[in-house]
Amino acid sequence: VVFIAGGTSGIGQALLKAIAKHTNSPRIYFTGRNKESADQVISDVKTLNKDAKCTFLHADFTLLTNVCSVAQQFYDLERLESPDEHTRLNLLSISVGSLDFNLAQPTEEGLPPGFAARHYARHLLTTLLLPALKQGAKNGSAKVLNIEAAGYESPDFNHTDIQLSTLPRTQGTALKLLFQQQVTAASLMAESFAKRYAGSGIEFMHVYPGVVKSGLTR
């Protein structure tokens, strides 16, 4: 059982199709903002593996209420698939993001869109799916794959103002600092989860696959 947050384009979509092609009868849940792209992904998966089941959960991860909603949808749908078993999850891949660093236009929840999608949403989704991940680990394996930019962390991480709210949103140095702050937060999050749930059998990873063509900048 696989959950891919950000599966309608880019790295998430490529990972989804690879899993569908090389895995026996996978159940794949994936999120995204584009229903048309999602329909195409589902069509492609049917061609790759007739035994794969692919379910799209529409969500914009700049809003944390949407994260809660898709997590609940996952549990509800999995209970229908396996009513006599504990809900399990073997792989959680998160590659959702936003390059919107504008603090002047926060989301309706009062958060900067960039940090909401690239940090808070990732942390929340992982937390909500932990029970299923623990069950997945008991029944084989469970991994959390945070796809960001490992290796670009900053030694000057700001613990007191994680959003760097006082930093002017201009081109150049400021945007670089914002990027490094988010990347460092991703690594610290993976490390924190790994320490907190050591012994659970769940593997937590933060990786950087390099620059790829995706829909992140749209």
Side-chain angles (χ1 to χ4, degrees), residues 3-7 9-12 31-33 59-72 92-131 133 143-198 200 202-212 214-218:
F3 192 113
I4 297 179
S9 64
I11 298 169
T31 73
R33 296 174 290 179
D60 177 356
F61 272 35
T62 60
L63 294 176
L64 301 186
T65 52
N66 293 341
V67 179
C68 295
S69 176
V70 296
Q72 187 59 54
L92 170 60
S93 170
I94 312 176
S95 57
V96 294
S98 171
L99 294 179
D100 188 348
F101 296 118
N102 190 357
L103 281 184
Q105 294 181 332
T107 68
E108 60 191 64
E109 296 172 336
L111 296 172
F115 248 98
R118 296 172 74 99
H119 180 65
Y120 296 122
R122 292 172 181 241
H123 191 289
L124 178 59
L125 184 63
T126 303
T127 300
L128 293 173
L129 296 182
L130 273 171
L133 287 162
K143 296 178 173 60
V144 178
L145 185 62
N146 238 311
I147 301 172
E148 182 77 72
Y152 284 85
E153 297 85 355
S154 169
D156 301 316
F157 182 73
N158 191 327
H159 293 268
T160 59
D161 181 15
I162 191 171
Q163 300 171 13
L164 299 184
S165 57
T166 60
L167 192 67
R169 263 46 179 177
T170 56
Q171 295 295 322
T173 303
L175 292 183
K176 180 181 178 181
L177 291 173
L178 285 165
F179 170 74
Q180 290 179 324
Q181 181 80 353
Q182 290 184 349
V183 171
T184 308
S187 287
L188 291 174
M189 179 177 69
E191 182 180 5
S192 175
F193 273 116
K195 288 180 178 179
R196 193 178 309 169
Y197 298 100
S200 68
I202 306 172
E203 298 178 44
F204 298 90
M205 294 166 280
H206 173 206
V207 300
Y208 175 48
V211 178
V212 298
S214 70
L216 183 62
T217 57
R218 68 183 180 274

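Along the sequence shown, the residues carry numbers beginning at 1.
Side-chain contact of Arg122 with Thr126: a donor-acceptor pair under 3.5 Å is absent, judged by distance alone. Of the N and O atoms on the side chains of Tyr152 and Gln182, not one donor lies less than 3.5 Å from an acceptor on the other residue.
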Step by step, work out the side-chain hydrogen bond (donor to acceptor under 3.5 Å, both in side chains) result for Tyr120 and Gln163.
-> CA-CA 11 Å; Tyr120 296 122; Gln163 300 171 13; 2.9 Å; yes
Would you sort out whether Ile147 and Ile94 count as a side chain to side chain contact (heavy atoms under 4.5 Å, CB included), showing the intermediate values?
-> CA-CA 6 Å; Ile147 301 172; Ile94 312 176; over 6 Å; no
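In terms of heavy atoms, Val70 sits closest to Ala59 at CG1-CB, 3.5 Å. Nearest heavy-atom pair, Ala149 versus Phe179, reported as atom, atom and distance to 0.1 Å: CB-CZ, 3.6 Å. The two residues Asp60 and Asn66 have their closest heavy-atom pair at O-ND2, 2.9 Å. In plain terms, the two heavy atoms of Leu125 and Ala5 that are nearest each other are CD2-CB, 3.8 Å.
Residues Thr127 and Phe193 form a side-chain contact, since some pair of their non-hydrogen atoms from C-beta on lies under 4.5 Å apart.
With hydrogens and angles ignored, the 3.5 Å screen pairs a side-chain donor or acceptor of His206 with a backbone N or O of Ala150. Side chain of Thr31 to backbone of Gly6: a donor-acceptor contact under 3.5 angstrom is found. No donor-acceptor pair closer than 3.5 Å links the side chain of Ser69 to the backbone N or O of Thr65. Ser192 places no side-chain N or O within 3.5 Å of a backbone atom of Leu188 that could act as its donor or acceptor partner.
Partners of Glu153 by salt bridge (charged side-chain N to carboxylate O under 4.0 Å, His left out), not counting sequence neighbours: none found.
The aromatic rings of Phe115 and His119 stand perpendicular to each other, their planes meeting at an angle above 60°, with 30° marking the opposite boundary.
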